[in-house]
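Heads up: the structure comes next, in C-alpha cells.
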Amino acid sequence: MELPVHHFAELFAQLGLPSDTAAIKAFITRHSPLPERIRLEEAPFWTPAQARLLAQERSEDADWAVLVDRLDLALRGGG
C-alpha cells in the first residue's frame with residue numbers, strides 16, 4: 001500500500017494558513033529564524049490547534065511528518 005504524497009502547500013492548508021507560494025515564502029521569512037531552543041510546535045505564532053496538529057503529526061510519524069520536518073528546517077533558516 002502506498003502512503004499518500006502531500007505537498008508543502010497542503011500542510012499550510014491543513015494549518016488553516018494561505019497556501020500559495022508567495023504566502024508560504026512570506027510566512028517563513030516573517031517567522032525565521034526560529035531559535036533552536038524552541039520546538040516547532042512551541043513557537044509563539046501558532047494557534048493551539050495548529051501546535052497540536054504539528055506535534056501530533058510528528059509524534060505519530062504520520063504521512064505529514066516529512067512536511068512538518070521540512071517546515072521546521074525552513075523556519076530555522078535551512079531551507
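By the criterion of side-chain heavy atoms lying less than 4.5 angstrom apart, applied directly or through intervening Ile, Leu, Val, Met, Phe, Trp or Tyr residues, I28 is grouped together with L67 in one hydrophobic cluster.
Counting heavy atoms from C-beta on, the side chains of F45 and L75 come closer than 4.5 Å. Proximity of L73 to D69: side-chain heavy atoms (C-beta onward) are nowhere separated by under 4.5 Å. The shortest side-chain heavy-atom distance between Q50 and L17 falls under the 4.5 Å cut-off. At least one side-chain heavy atom of F12 sits less than 4.5 Å from a side-chain heavy atom of L71.
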Begin from the C-alpha positions of R58 and L40 and carry the test side-chain contact (heavy atoms from CB on, under 4.5 Å) through to its verdict.
-> CA-CA 10 Å; R58 184 181 271 172; L40 175 65; 4.0 Å; yes
### Message
Determine whether W64 and L54 satisfy the following criterion, side-chain contact (heavy atoms from CB on, under 4.5 Å), listing intermediate values before the conclusion.
### Response
CA-CA 9 Å; W64 291 96; L54 291 167; over 6 Å; no
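Across P35 and R76, no two heavy atoms sit closer than the pair O-NH1, 2.6 Å. Contact detail for S32 and A74: the closest heavy-atom pair is OG-O, 3.6 Å. Residues W46 and A51 share a closest heavy-atom pair of CB-N, 4.0 Å. In terms of heavy-atom proximity, S19 sits nearest to A13 at CB-N, 3.9 Å.
Remark: D72 does not engage R39 in a salt bridge, criterion side-chain N to carboxylate O under 4.0 Å.
No donor-acceptor distance shorter than 3.5 angstrom exists from the side chain of Q56 to the backbone of L53, with no hydrogens or angles considered.
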